[in-house]
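Comments concern the structure below.
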2 protein chains.
Amino acid sequence: MIRPKTIREVVYEQLKNNILAGVYRPGERLIETNLAQDLEVSRTPIRDALNKLESEGLVETLPHRRIFVTKLSRKNILDFYQTRAVMEGLAAKLAAENATEEELADFHSFLNEMEVVFEKEKELTNYKVIAEINNEFHSKIYYISKNEVLRKMLESLQNPITLIRSTAWTKNSTRKYSTLNEHRLIASAILQRDGTTAQKKAEEHIFNAWKAADQALEDENASG
Amino acid sequence: MIRPKTIREVVYEQLKNNILAGVYRPGERLIETNLAQDLEVSRTPIRDALNKLESEGLVETLPHRRIFVTKLSRKNILDFYQTRAVMEGLAAKLAAENATEEELADFHSFLNEMEVVFEKEKELTNYKVIAEINNEFHSKIYYISKNEVLRKMLESLQNPITLIRSTAWTKNSTRKYSTLNEHRLIASAILQRDGTTAQKKAEEHIFNAWKAADQALEDENASG
DNA sequence: ATACGGAATACTGTATACAAAAAGAATTTT
DNA sequence: AAAATTCTTTTTGTATACAGTATTCCGTAT
């Protein structure tokens, strides 16, 4: 049974995609009326969508003031990753402790798939495929952790982080390889139900991701 | 220079207060039209406020379906505290590491104030005063941690937790005393710039708060 | 009686008109 | 010419009317 999507939902997804894909760049101004004209809807669903995006940290605004796509500072970015690190650590730990046997079996076969994809995409040119399977890896952990609150918060952190990555980090093969390795370490700890190690490896993984993102942004600023 | 508040801001605060104070009970249905009439405004700012409250987890709704004040399950509550624990831990650790000398001095004198308040309110009957100063204690830590992302997320977690406390936990003197003691332990670690201990003590503190809340809710269900 | 189906109704979603505030342009003042 | 001040324009905030969907109520059939 499918439910027809409301206009605001469609608008929300479109705007979000445009922001995350860099169509609307960080710092760019958004005007309700223009967006409404472009998407051929009234301002009402546009405003609803923008409100939601604001609470997710993708746009910024003050009452009666203009609306801008969020532009994150280097400190902001560190803050995001730092926060995400402890949350991913908790998720990994809970996953190791709370997964059912079925879920672990499932997770195991997903890992095999992942290996196959990486094997096939040896050149790692297909950034989108890699990014997708990496996101799926993390999502699986959130779900088997059985903590809904944590899952939702981590999912909402995903947006700003995608925003960061869309600006920097187009192709950094070294990082892609180490990501795969780090995922292996986390997964192995979860499968062995070793919560402590899973937590530690997950935290380290996010820390490394931060270092890579930070480095990429620095390089970009230095060259651009 | 003060800015006149927009209607939606006022409405948001009113609805939020009513939810957190238990005027609108968990599970209760909210009707836009009625709220608009009660507050003597149009539906527009009501809808804006409800959308915001939804993204903060205080109300729940599906498209074209009714709106309800969030009713948290026991598992939800555990999830909230579990998540908050690691985040408070991180905040305490960062506070110990990143506070300036001035901030530490400030924090120290706040602690003295806190002791005075508790001394004066020996009977601990004035629940509101105690709750306020406890919240302030945590807020101070968020600020001196220097991590804005973490602070905002912790602040948004505060709402559902207040919701939990408003239903259970009216007066539990034992818990109030141990809260003071636990706060002392966290503070002392921060003042000594011992990040590891601060983190550990903060995590334990939230875990204990969860145990108390969970117990109170169980008792309430058993009796009520 | 109970289950099903179809109006009636109650509420949320959307469009649009109008109000108010902020940003920008033009004008005056120094 | 620079700064301050008014006024114009642009843009967001709010009210309201209308559209569309879910829920309720009632009648009918089994």
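Letters go in sequence order (proteins before strands), and every chain restarts at 1.
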query: In whole angstroms, how far is the P atom of D/dT11 from the CG atom of A/L62?
result: 18 Å
Interatomic distance where CG belongs to A/N51 and C1' belongs to D/dG13 [whole Å]: 11 Å
- prompt: Pick from B/E56, B/K52, B/K5: which one makes a side-chain hydrogen bond (donor to acceptor under 3.5 Å, both in side chains) with B/Y12?
  reply: B/E56
- prompt: Stepwise, does the side-chain hydrogen bond (donor to acceptor under 3.5 Å, both in side chains) test hold for A/E9 with A/T6?
  reply: CA-CA 5 Å; A/E9 287 175 296; A/T6 58; 3.0 Å; yes
task: Starting at atom CD1 of A/I67, determine the distance to atom P of C/dA23, rounded to an integer number of angstrom.
output: 13 Å
task: List in chain and number order the residues that pass side-chain hydrogen bond (donor to acceptor under 3.5 Å, both in side chains) with A/N135, two or more places apart in sequence or in another chain; answer none if no residue qualifies.
output: A/Q158
message: Going by side-chain hydrogen bond (donor to acceptor under 3.5 Å, both in side chains), B/Y142 matches just one of B/E88, B/R151, B/E155. Which one?
response: B/E88
field: Spacing between B/I7 atom CD1 and C/dC18 atom C1', to the nearest angstrom
entry: 13 Å
task: Could you tell me the separation between the CZ atom of A/R43 and the CD1 atom of A/I31, rounded to the nearest 0.5 Å?
output: 11.5 Å
query: Does the side chain of A/I77 reach to within under 4.5 Å of the side chain of A/D214, using non-hydrogen atoms?
result: no
Side-chain N or O of A/R8 closer than 4.0 Å to phosphate OP1/OP2 of C/dG13: yes
message: Measure NZ/A/K5 against P/C/dT14 and give the value in whole Å, please.
response: 13 Å
task: Please list, by residue number, the residues of residues 28-47 of chain B whose heavy atoms come closer than 4.0 Å to an atom of DNA chain C; answer none if no residue qualifies.
output: B/R29, B/L30, B/I31, B/E32, B/T33, B/R43, B/R47
message: What is the distance, to the nearest angstrom, from the CG atom on A/D48 to the P atom on C/dG13?
response: 8 Å
task: Can you figure out which of D/dT12, C/dG13, C/dG24 approaches the side chain of A/H64 most closely?
output: D/dT12
message: Looking at C/dT12, I'd like to know if its phosphate oxygens (OP1 or OP2) sit under 4.0 Å from a side-chain N or O belonging to B/R65.
response: no
